[in-house]
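Heads up: the structure comes next, in C-alpha cells.
Residue numbering restarts at 1 for every chain, and letters A, B, ... go by the order of the sequence lines. Bear in mind that the values here come from a model prediction, so they are computed numbers and not experimental data.
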Number of protein chains: 2
Amino acid sequence: MATIQDVAKKAGLSRTTVSRVINEHPYVTEEKKRLVTQAMQELNYVPNSSARRLRRQQTETIAVYVPRITNPFFSHLVEVMEKEAARKGYQLILCQTRYKKEQERNFLELLKTKQVDGLILTSIENDWSEFEPYLSFGPIVVCNEYSDSAQVPSVYLNQIEGSYLGTKHLIDQGYTKIGYCTGNHKSSRVSKDRKIGFLQALDEAGIMMKEEWFFYNAYSVQDGFAAFKKLSELDDKPQAVFTGSDEVAAGIAKAAFDAGWKVPEDLAIIGFDNQPLAALMDLTTVEQPIDTIAKQAMNLMVEAIQAKKPLSRKEVILPFQLIKRSST
Amino acid sequence: MATIQDVAKKAGLSRTTVSRVINEHPYVTEEKKRLVTQAMQELNYVPNSSARRLRRQQTETIAVYVPRITNPFFSHLVEVMEKEAARKGYQLILCQTRYKKEQERNFLELLKTKQVDGLILTSIENDWSEFEPYLSFGPIVVCNEYSDSAQVPSVYLNQIEGSYLGTKHLIDQGYTKIGYCTGNHKSSRVSKDRKIGFLQALDEAGIMMKEEWFFYNAYSVQDGFAAFKKLSELDDKPQAVFTGSDEVAAGIAKAAFDAGWKVPEDLAIIGFDNQPLAALMDLTTVEQPIDTIAKQAMNLMVEAIQAKKPLSRKEVILPFQLIKRSST
DNA sequence: CGAATTCATGAAATCGTTTTCATAATCAGA
DNA sequence: TCTGATTATGAAAACGATTTCATGAATTCG
C-alpha cells in the first residue's frame, strides 16, 4: 500500500504539498499539481481513511437506529436516508435495536468511540436520560419517534392527529363499535399518542369503547391473524378495527376473508403507513410522508455535523393524509 | 475528551500498561489493572476508534451491497447479516447500488481506502473484472448472486433448479400455456439461470413457449399490475404464469382479481421467495433459505477477515423448497 | 547456586494523514 | 526602492492509539 510519503518521494515534493493537492487547498502551482497527480496514479495511491479520520476528528459516517430493517416502514426510511447521505458524502451504519433497551444502549458506544459523527434515531426504547450524556460526543437527531424531554431536533408527525384522522373516518362511515389493534409499545410516544387520538375521536362522537376491543402487541401480518382470531371469538364483536400498521391490517383482512367474512360489510379495517401492501389488499390507510421525514432528518444531521454546533430542540411536524380504499 | 495519556497520568503508569489493560493482555498485575480501570472510569475514558483503526489496520466494519433495501428479499438478508455481524463485534455499512453500475463501483472505494475490512455482494451489476483488482485490499464474498469468474467464496442457490422446480410444479398441475414474468436483469446470473431452468422444464415436457408470454422488467407489485394488463390483452392468453418474486406475483394476482378473474382457475400464479406477502395472498411460491444464506455469507466473511488470508473460490449451494398454496 | 524462563513495566517507534509554523519568493502599492 | 501582502513550499508537530524493544524482577530448573 502506497502512502502519502511514497507519493511525495516519487513526485520529489513534500507530504504537505501532496496533502494540499488531495484536499484541493489553494497555493499549489499547476506544475506540482500535475506531478503529484501523476505520482498518485502511478502508485495507485488512495488516502488511508483511518489516518484521515484520526487527524480530522471526523468519520463521515452516520449511525441510523431502527428496530428491524425488515419492517417496511423502517426500510423505506433507511432507503431514503442512505440515498441522501451518499449524495452528501456520508455513509450509513445500520443499527438494529430489535426493540431491546440494551441493544440500543450498546450502539451508543459508536458515537462515544468516534466511529460515527452522529446518530439518527427512528425509534426509542430507553428513557431520554440514557441518551442525554452522549450529546457531548456528537449530534443526535430524532425522527418518527419523539420525546418531550429530548433537547434535539425531531422530525415527526403528530400521531394524535394521525389516529384521530383514521378513527374519525371510521366514525364518519357510520361505525360505532370500533376495535383498536396496535403494538402499544410501552416506551413509544408514537404508540401513546395514537391511542390518545383514537380515544379522542371516539369521545367527540360520544362512542363507547369496550376493554375487550383492544388488541395489543400487534406488529406483523402474523399478529393480524391472531388478532382476528381473538376478535372473531367475542360475543360482542366490533364492526370496524383501527390498526397500527398496514401489515396488521392486512393480516386481519386476510384472516377475515379466510373465515368467510366480507370486508368492510362484516368488518371494516383501516391500516397505517400506506405501503405497497395496502394498495394490494385494497386497504384504507393513513399515509405518512416517509420520504420527507427521512430527507429532513438527514439534512438536519448533516447540517449539525458540518456546523459543529450542538443541536438545540427543534420540531419539524409533517402532515398525514387519508387514503380511502375499499376496506372501509 | 480524555486520551490514553490522561489515563496513564492519572493512574501513575505508562500508556503501554493502560493499553494492555484495555486489550486484556496478560502480564499486568491485578493492582495496576485496578488502578487503570478506576482512572478510566473517573475520566470517562473510551478508546478512540480512529486511532485504534489506524494502528491496527482494521476497521471491524463490513460493507454490504444491496440494490435497494426496500426490496423485502434484501432487507431480510441484511437483517440477518447485521444480527450476525453484531454478535461477532462487527458493524455493517449499507450500500445501495440502485441497480446502477456506477453506484456499485463508487462503493468499492470503501475497501480501497480502508474504511471497511471486507465486502459482501448480494447483487452484482458490473463485470467481475471490475472487482478483481480490489481483492488485494480485502476479502470479498458473494451471496445470492454468483459469477463463474469470481475467484471468491459464493453462497447461493442453483437458480436453474429453483425455477425448474416452480415451473415443473405448474406443468404437473396440468398447465401447458405458461407465461414468464421476471426482472430479467441483464447483468444478473440469477436472472439468466432462472430462465434456463424455466425453459428446461418446458422443454422436458415438450411444451411450447410463445414470445408474447415473456414479460420483463418486473420487480414490484406495480410491475405486476402492468404485466397483468399486457397479459390480459393478448388474444392467446397463458393459463399460468411463473414470476421472479412474490411482489410481482401478488401484483398480478391482485390485478387479476380486480378484473374479475379467478385464481387459479382463470390464471395460476407462482411466486418466488416465500415472503409474508405470499402467505397473505395465498400464493404458491419457491422458497429461498434467506437466513441460511445470510449467516453463511457473514461467517465466511468474518473468517476471512480474521484469517487474513486471501479467499479462494468456494461454493456453498443451498436447496430450494416449494411452498404450495392456493394460487396454483 | 547460576542459568534460563517467565512476568511486569515503560520508552520510543509506528500507523498515515492534516495542520501549524516558518521561510522564501513574488507581487502590488506608495 | 522599500514595505507589506500574497503565493508557494517544506519541516515538524499533532491526532491517539498499539506494538516493538529493552530492562529488571521474580520464578523455575538442573
State, without any angle test, whether [X] and [Y] hold a side-chain donor-acceptor pair at a distance under 3.5 Å.
{"X": "B/E79", "Y": "A/T70", "value": "yes"}
{"X": "A/E145", "Y": "A/S188", "value": "yes"}
{"X": "A/S14", "Y": "A/T17", "value": "yes"}
{"X": "A/T61", "Y": "A/R53", "value": "yes"}

* Contact boundaries of DNA chain D with chain A (under 4.0 Å, heavy atoms), 5' to 3'? -> D/dT7 to D/dG16

* Go through the steps to decide whether B/K295 and B/V80 satisfy the test side chain to side chain contact (heavy atoms under 4.5 Å, CB included), and finish with yes or no. => CA-CA 7 Å; B/K295 268 187 209 156; B/V80 179; 3.9 Å; yes

* Within a reach of under 6.0 Å around NZ of A/K88, are more than 12 heavy atoms found that belong to other residues, nucleotides or ligands? ->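 Above 12, so yes.
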
* Just do the salt bridge (charged side-chain N to carboxylate O under 4.0 Å, His left out) check on A/R105 and A/E102 with the steps written out, would you? => CA-CA 5 Å; A/R105 281 197 306 265; A/E102 202 199 329; 5.6 Å; no

* Steps toward side chain to side chain contact (heavy atoms under 4.5 Å, CB included) verdict (B/I305, B/Y90) -> CA-CA 11 Å; B/I305 292 173; B/Y90 285 80; 3.5 Å; yes

* Axial bend angle, the helix from C/dC1-D/dG30 to C/dA30-D/dT1: five-pair end segments, nearest 10° ->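 Axis angle across the helix from C/dC1-D/dG30 to C/dA30-D/dT1, nearest 10°: 30°.
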
* To do: Classify the ring geometry between A/Y146 and A/Y156 as parallel (under 30°), tilted (30 to 60°) or perpendicular (over 60°).
  =>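 It falls in the parallel class, under 30°.
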
* Structure fact -> In 5'-to-3' order, the base (B), backbone-only (S) or no-contact (-) status of each nucleotide in nucleotides 13-19 of chain C, using a 4.0 angstrom heavy-atom cut-off, is BBBBBBB

* Asked: Under a 4.5 Å cut-off applied to non-hydrogen side-chain atoms, are B/N144 and B/Q159 in contact?
  ->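 Yes, at least one pair of side-chain atoms sits under 4.5 Å.
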
